[in-house]
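Quick notes on the structure that follows.
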2 protein chains.
Amino acid sequence: MTAPIKGKATSLDIAHLAGVSQPTVSRALRGSPMVNEETRKRIQAIAEQLNYKVDKNASNLRRQHSGTIALLFFEDPTPDDSQINPFFLSMLGSITRACALQSYDLLISFQQLSTNWQADYEDSNKADGLILLGYGDYLQAQSRLEQLVQQGTHFVRWGAVLPGQPGVSIGCDNYQGGRDITVHLLEQGRRQIAFLGDASNHYPEFFERYRGYEAALQGIGQAAQPSLQVDAITSEQSGYEAAMELLQRKVGFDAIFAASDLIAIGALKALHEQGLRVPADVAVVGFDDIPLASFVNPGLSTVQQDTKLAGTILVESLLKLINGEPVESRTIPVKLALRGSSRAA
Amino acid sequence: MTAPIKGKATSLDIAHLAGVSQPTVSRALRGSPMVNEETRKRIQAIAEQLNYKVDKNASNLRRQHSGTIALLFFEDPTPDDSQINPFFLSMLGSITRACALQSYDLLISFQQLSTNWQADYEDSNKADGLILLGYGDYLQAQSRLEQLVQQGTHFVRWGAVLPGQPGVSIGCDNYQGGRDITVHLLEQGRRQIAFLGDASNHYPEFFERYRGYEAALQGIGQAAQPSLQVDAITSEQSGYEAAMELLQRKVGFDAIFAASDLIAIGALKALHEQGLRVPADVAVVGFDDIPLASFVNPGLSTVQQDTKLAGTILVESLLKLINGEPVESRTIPVKLALRGSSRAA
DNA sequence: CTGAAAGCGCTTACAG
DNA sequence: CTGAAAGCGCTTACAG
């Protein structure tokens with residue numbers, strides 16, 4: 001019997017009890033091959049009994065690494081801050097799981113696009129690297145990204161994959177998705193397809209979707225009509241307003257391609273209110289395939305992003321970066337999820 | 001001009017550049033009142049220029065505190081692990097914000113109910129305290145909770161608030177919610193109300209909702225019928241199956257009270273498939289008020305939990321606990337969100 | 001295979 | 001108001 005340890009047990013406590021030196025405890029518990037098997041077992045037993053856990057702060061300080069990844073989630077300032085884009089929540093789930101699989105901890109933080117997020121987490125050694133997630137004005141963020149690169153911060157970003165971007169980006173194939181879903185609408189006989197979403201380099205993901213839309217129209221000799229495009233950001237409210245704006249323009253349209261599912265859902269609401277039938281009068285499609293998409297009535301046709309794969313790739317890419325391995329930006333294939341909103345019953 | 005710092009700047013680097021000792025740098029940057037204003041400014045300027053950030057590992061190690069809270073999210077093992085209960089995602093958002101407000105970092109981790117989550121995070125000094133979140137078999141978890149209490153781990157748990165529970169629990173008023181929504185159904189003239197959800201002490205939240213349901217029935221002199229209760233856990237799939245089971249029993253019913261919105265949504269699907277009209281043939285209500293609830297058709301009447309308030313209270317309670325202040329378990333009021341699924345059009 | 005020593009980068013009594 | 005010293009609990013060369 002030894003006197004009980006006051007407070008949390010340290011490796012030194014274990015060492016005393018086991019009759020070895022403190023470094024030996026450290027080695028034994030980390031599974032170093034150069035420690036006697038019997039000694040190790042004794043040490044492990046004592047450690048377990050005392051419910052000893054390595055102090056991460058001490059360990060990290062010494063090893064100069066944290067075993068932690070920070071997920072910076074940045075959003076456009078929204079009036080209702082309680083609502084998070086379900087697509088990102090889905091990403092969050094898959095990133096969390098991917099981290100756990102690699103025995104990394106995940107620190108999460110919501111950032112305003114406007115604040116000075118920079119590399120705080122990595123600079124203060126709280127995290128070995130950063131995952132950047134969020135729709136938002138890309139141009140606003142770009143200089144920050146460049147700064148991160150310059151500082152040598154390890155980060156990967158979810159978003160549009162375009163030439164000349166600072167750092168590593170992972171994103172779905174927005175162009176192809178936009179094109180495929182538009183082709184689908186054309187195949188359904190739609191000929192006046194509106195686009196709801198910002199189509200500028202401020203929102204490169206939307207812009208890529210728009211370019212896909214444009215390309216599909218060109219495929220049948222049509223040009224994209226400015227009168228059929230209305231700006232919107234990712235929210236129901238914004239989608240609702242955009243659809244109302246479109247209706248007020250009094251230009252004919254028989255389909256809406258919304259740049260995201262939330263926008264599409266807002267548009268559906270507006271159409272219903274105006275007594276328009278979906279898909280009979282207007283077909284509607286979205287982008288993301290959030291869980292809601294299959295529950296609205298009619299079910300929303302959309303472009304599915306594989307969030308599970310995306311999370312895995314984001315985490316794996318970041319870990320490679322941390323280990324000094326080269327990583328290329330890359331794109332993840334999408335596929336269509338077709339439901340009632342774009343097809344005759 | 002001084003030689004550029006290799007690697008990350010430390011407080012010692014700043015000290016050299018400012019011509020002061022390293023402790024003075026530390027004091028200046030932490031805002032200690034006992035440092036000359038002019039000196040402080042000089043130090044701050046240099047720190048900023050070098051993009052210096054206090055090393056959290058060193059700081060935490062020295063201060064024996066981490067400034068971090070761990071959110072342990074545990075789920076029943078589900079076949080489809082990509083789907084997270086939207087209600088918890090909503091909680092996650094509000095917890096994240098509450099942490100940020102208090103300048104705490106948030107570590108998140110998904111746990112299997114079966115694994116040995118214990119107090120790992122606090123024991124390894126990664127976190128000062130734990131928030132436990134998740135539906136799951138309470139009896140399975142109870143001994144772990146007792147262990148946490150015994151170890152002196154700081155934690156708060158989201159869940160049913162019952163006498164004699166280990167540790168601090170925060171939860172919504174499940175009993176009142178169950179009662180109110182059942183009273184609402186009765187007021188709509190429904191008299192054969194089924195309950196979909198596990199009604200045992202394995203799932204105390206559901207059980208409380210069930211007890212509220214029972215109490216409402218007693219209010220009009222009815223007893224709860226075992227033939228009108230079917231077990232279900234929180235998932236669409238489970239709700240779907242429970243509704244099918246109920247239909248097969250061939251007992252008449254004109255309303256369903258589902259113990260959660262996901263269950264309700266699964267039930268709606270089953271009813272639609274069987275050609276039953278909602279609410280004309282069967283009224284359906286749920287619990288949680290997830291975002292989906294307002295989008296299904298007809299809109300789902302449900303009991304709204306205030307996740308924003310819940311997150312704030314969870315975080316504040318935990319911080320009190322960490323500071324050694326006493327905290328009581330408590331309940332948060334609910335309110336009804338009534339929509340088309342329970343009312344004549 | 002094991003121990004003595006150094007050091008990660010801070011913070012905080014203790015002197016002055 | 002500032003500095004010299006100690007120490008948080010580990011990990012890792014360096015000896016033996």
Side-chain angles (χ1 to χ4, degrees), chain A residues 5-44 46-47 50-68 120-128, chain B residues 5-44 46-47 50-68 120-128:
Chain A
I5 318 278
K6 57 263 149 257
K8 246 163 233 173
T10 69
S11 57
L12 197 58
D13 297 322
I14 313 283
H16 286 152
L17 291 172
V20 296
S21 74
Q22 181 269 328
T24 299
V25 172
S26 175
R27 288 188 193 104
L29 263 26
R30 309 197 80 237
S32 158
M34 40 180 204
V35 76
N36 183 292
E37 200 43 40
E38 204 186 318
T39 316
R40 178 205 311 290
K41 280 195 183 134
R42 185 153 38 95
I43 292 173
Q44 263 165 351
I46 297 173
L50 264 59
N51 200 20
Y52 168 76
K53 294 284 171 351
V54 171
D55 183 310
K56 278 299 172 189
N57 290 130
S59 168
N60 291 343
L61 173 58
R62 181 54 229 258
R63 300 175 59 200
Q64 295 293 77
H65 119 301
S66 69
T68 301
D120 244 56
Y121 285 90
E122 186 165 341
D123 282 344
S124 58
N125 279 339
K126 286 196 280 194
D128 298 332
Chain B
I5 317 279
K6 56 262 151 258
K8 245 163 234 171
T10 69
S11 57
L12 198 59
D13 298 321
I14 314 283
H16 286 151
L17 291 172
V20 296
S21 73
Q22 180 269 329
T24 299
V25 172
S26 175
R27 289 189 191 102
L29 263 24
R30 309 196 79 234
S32 160
M34 41 181 202
V35 77
N36 184 293
E37 199 44 39
E38 203 187 318
T39 316
R40 178 205 311 290
K41 281 195 183 132
R42 185 154 37 95
I43 292 173
Q44 262 164 351
I46 296 174
L50 265 61
N51 200 19
Y52 168 76
K53 293 284 168 353
V54 171
D55 183 310
K56 277 298 171 189
N57 289 131
S59 170
N60 292 344
L61 173 58
R62 180 55 231 255
R63 300 176 59 201
Q64 294 294 78
H65 119 302
S66 69
T68 301
D120 244 56
Y121 285 90
E122 186 165 341
D123 282 344
S124 59
N125 279 338
K126 286 196 280 196
D128 298 333

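- Nearest heavy atom pair, residue B/Gln44 against residue B/Leu29, reads CG-CD1, 3.9 Å.
- Along DNA chain C, the nucleotide nearest B/Ser59 and the nucleotide nearest A/Arg40 are compared for position; the residue whose nucleotide lies closer to the 5' end is A/Arg40.
- Remark: B/Arg30 is not in phosphate contact with C/dC10, judged by side-chain N or O atoms under 4.0 Å from OP1 or OP2.
- When the P atom of C/dG9 is taken as reference, atom CG of B/Asp13 falls 9 Å away, rounded to whole Å.
- Between the P atom of C/dC10 and the NZ atom of B/Lys56 lies a distance of 11 Å, rounded to the nearest Å.
- Using a 4.5 Å cut-off on side-chain heavy atoms (C-beta onward), B/Leu50 and B/Leu17 make contact.
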message: Could you spell out the base pairing of DNA chain C as a dot-bracket line? Use Watson-Crick and G-U wobble contacts where both distances are under 3.5 Å, [ ] for crossing pairs, | for partners on a different strand.
response: |||.||||||||.|||
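- Side-chain polar atoms of A/Asn125 and B/Asn57 form no donor-acceptor pair below 3.5 angstrom.
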field: A/Ile43 vs A/Arg40, side chain to side chain contact (heavy atoms under 4.5 Å, CB included): CA-CA, chis, key distance, verdict
entry: CA-CA 5 Å; A/Ile43 292 173; A/Arg40 178 205 311 290; 5.7 Å; no
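- In this model, the phosphate group of D/dC10 is approached by a side-chain N or O of A/Ser11 to a distance below 4.0 Å at OP1 or OP2.
- Rounding to the nearest 0.5 Å places OG of A/Ser26 at 12.0 Å from CG of A/Leu12.
- The existence of a salt bridge linking A/Glu38 and A/Lys41 is excluded, since no basic side-chain nitrogen approaches an acidic carboxylate oxygen closer than 4.0 Å.
- Not one N or O on the side chain of A/Arg27 forms a donor-acceptor pair closer than 3.5 Å with the backbone of A/Met34.
- The distance from atom CD1 of A/Ile14 to atom C1' of D/dG9 is 12 Å, rounded to the nearest whole Å.
- For the pair B/Asp128 (side chain) and B/Ser66 (backbone), a donor-acceptor distance under 3.5 Å is present.
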message: So if I define the base as every atom that isn't primed, P, OP1 or OP2, how would nucleotides 2-8 of chain D read as a B/S/- string at a heavy-atom cutoff under 4.0 Å?
response: BBBBBBB
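- At a threshold of 4.0 angstrom between heavy atoms, the contacts of B/Ser26 include nucleobase atoms, whether or not backbone atoms are also involved.
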